[in-house]
Number of protein chains: 2
Amino acid sequence: MEKETTIYDIAKGLGVSPATVSRALNNSPVVNKETRQKVFDTATEMGYRSNMFASNLRRKRTHTLGVIVPRLNSHFMSSVIAGMEKVANEAGYNLLISQSLETAKKEAANVMAMFNSRVDGLLVSLAYNTEDISHFSPFIKKGIPLLFFDRVAEHPKCTSIVIDNMQAAHKATSHLVAQGCTNIVHITGNLKRNVYADRLKGYKYALIDNELPFDDSFIISNDLSEEAGMEAAGEILKMNPLPDGVFVANDACAVGCMKILKQAGISIPKDIAIVGFNNDPVSRVIEPNLTTVNNPGHKMGEVAVRNLIIHLDGFSDIVAMNTITLNSELIIRESSLRKG
Amino acid sequence: MEKETTIYDIAKGLGVSPATVSRALNNSPVVNKETRQKVFDTATEMGYRSNMFASNLRRKRTHTLGVIVPRLNSHFMSSVIAGMEKVANEAGYNLLISQSLETAKKEAANVMAMFNSRVDGLLVSLAYNTEDISHFSPFIKKGIPLLFFDRVAEHPKCTSIVIDNMQAAHKATSHLVAQGCTNIVHITGNLKRNVYADRLKGYKYALIDNELPFDDSFIISNDLSEEAGMEAAGEILKMNPLPDGVFVANDACAVGCMKILKQAGISIPKDIAIVGFNNDPVSRVIEPNLTTVNNPGHKMGEVAVRNLIIHLDGFSDIVAMNTITLNSELIIRESSLRKG
DNA sequence: TATTATATTGAAACCGATTGCAGTATTTTG
DNA sequence: CAAAATACTGCAATCGGTTTCAATATAATA
């Protein structure tokens, strides 16, 4: 196990000082071009690699971004992460990723771990049951940039990256109405999370705008898992009269719901039209194919990291914009098409 | 932006030396229990957090594991990552994750990045077109543990975590035979990757063991995407006589294949029985539900990281086992059930 | 030619935790 | 009571870059 070469070795081998080597390796303009070239040459020759700890210790920058997500293994989230990784990698940043497994407790623990790892910035999508964001205060106090995406929290110092959930839900619901639905059930998650609260609002306003009654008893709230969707379908089947449309806040739950409805002999979309949310791969597999809202996860990840890095590199000391909204669009498939 | 507190601050505030503070914080047995308690108290009181760079610089350990995967946004891979994250987090390790996007070039770049980040160990699943593993030599030369999972490479110094792909494929194929199939097509990926080569072997030996002919023209090789599956279905439809079974090396491709076959009026499983691989969520959504091999991604991630950490913590200086094989099982669903 | 500006380099002090070695105080043993 | 063992604690070097400040050499200007 040979020893690591350091700038001191390079310096000795070249008869210059470590200071010069350091400057040369960092492309400092003050060092002579020939010297720099010589340094680079011997560096590669000796198999030198920079010791990031020494560097970080001195510079107090880690070039590492923390990411906390509820779960890694959903299509949407892994797309987000993929987008983040792409941009971060290109910009020379590392990603430290952890999952809260949907609990506020683990989220708080992860936040502290990230804090102790001294990440340069933190990207967060909140857990299902996070009540308040006081556990992020170490970051806010220290002025370390904190950025929320998808499941966001309001905070004057934090940027949020979202889609317009209300508008998307409005479109989805209006689409159902346009297809002739008048009794539309909405299945949603924890209303403390903006994404679900906003989708509910969009649903509600769409009904109102279309002069349909809004009825609390048409709202089913659960954890949006596939199993929960199956249970929700059971409830729907008991309703009298039977609803003729269902807008579900994610695709997994919509799929579970569809499975049971189909088993019960309901024809989709003829008896009940269904719209999901996220555009997960399953939405193009279930039969009939699921109408859904495309949630641009990959792009969201890219935008989030790019934004954070720009901020870190000091190019936008201006007032960081507080909310960035990405476009999403309704993808209409057979599960909701009752006309033409 | 208040200044960071260091062990020096704690030392000063307590009238002891930094050395004692360091030892106390690391639970060294030599320091007096009362002293230790006092150190811990003032540490929390002053809002101390350890500076990992200083510590890493001195100890030459990063407590960070590198992970390189082909893509993050597949169900299998995100499950693996989730499992890894769980174990790593519990053991106080960080995860540095990057994706090769299935190209050997980016894989090599990521390896170097990991090397320069001085990860304590590296976990890799190879890219689609990686030809040799010479780009890992910096790790091997330096004796930094390198562990492959799923898509592995043979190397005397590296541990591999896999499932028994050959056996799984053998079971899958034999199952098709047991269902009365005699003309079985196999759709596979790049045969340089063990997973696909082994699945092909399993398919082949199953045919032989069941006294069916093995025919090269029944092998379709592509990139296993859903689109590729659709194209493959086109080829299958042109075959004369029409095959009565298809074993596909992953679920996404199997799904694409099924879509086209169904469109063409083929009845699954009556005309053609189908088996996939991985047990992706789509396999329980497509109709008929897809028979597939359960690939325990989450567990694979857990085992990989646990193994690596045990190795790093020096508990298994013995001869590290070279291959760990996890169990997988065939999950039989309607897409292949022609009897009983 | 003397003076000033410019270019390039080096010495040494950091950054913050860890650890070998030595020192002191207290307790145990002979 | 002296000698030896035990229990803590502190000093100071170390890890490997970065950066301030001063020094020297060379070129430009008066």
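Below, all heavy atoms of this structure are taken into account, side chains as well, without hydrogens, waters or symmetry copies. Order of the sequence lines sets the chain letters (A, B, ...), proteins ahead of strands, with each chain counted from 1.
One atom, CD of B/Glu34, and another, C1' of C/dT26, lie 14 Å apart when rounded to the nearest Å. At whole-Å resolution of the value, NE2 in B/His63 and P in C/dT18 are 10 Å apart. In this structure, the CD1 atom of B/Ile10 is 11 Å from the C1' atom of C/dA17, given to the nearest Å.
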Please table the atom pairs, donor to acceptor, closer than 3.5 Å between any side-chain atom in residues 71-78 of chain B and protein atoms at least two apart or in another chain.
residue, atom, partner, partner atom, Å
B/Ser74, OG, B/Met77, N, 3.1
B/Ser78, OG, B/Ser74, O, 2.9
B/Ser78, OG, B/His75, O, 3.3

Show me the side-chain donor-acceptor pairs of residues 131-139 of chain B shorter than 3.5 Å, one per line, residues at least two apart or across chains.
residue, atom, partner, partner atom, Å
B/Glu131, OE2, B/Lys192, NZ, 3.2
B/Asp132, OD2, B/Ser134, N, 3.2
B/Asp132, OD2, B/Ser134, OG, 2.6
B/His135, ND1, B/Asp132, O, 3.4
B/His135, NE2, B/Glu107, OE2, 2.8
B/Ser137, OG, B/Ser134, O, 2.8

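Each ring pair (Phe, Tyr, Trp, His ring centres under 6.0 Å) pair with one or both residues in residues 27-65 of chain A, not counting sequence neighbours, appears once here: A/His63-A/Tyr93.
In this structure, CZ on B/Arg23 lies 10.0 Å from CD1 on B/Ile7, to the nearest 0.5 angstrom.
A close approach under 4.0 Å does not occur between any side-chain nitrogen or oxygen of B/Thr35 and OP1 or OP2 of D/dC8.
Every salt bridge (Lys or Arg N to Asp or Glu O under 4.0 Å) that A/Asp120 has, sequence neighbours left out, goes to A/Arg61. Evaluation of the side-chain hydrogen bond (donor to acceptor under 3.5 Å, both in side chains) rule for A/Glu90 yields no partner, not counting sequence neighbours.
Across all strands shown, A/Val16 has heavy atoms under 4.0 Å from sugar-phosphate atoms exclusively, and none from any base.
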**OP:** Scan nucleotides 15-27 of chain D nucleotide by nucleotide, 5' to 3', and note B when protein non-hydrogen atoms come under 4.0 Å of the base, S if they reach only the sugar-phosphate, - if neither.
**Re:** BBBBBB-------
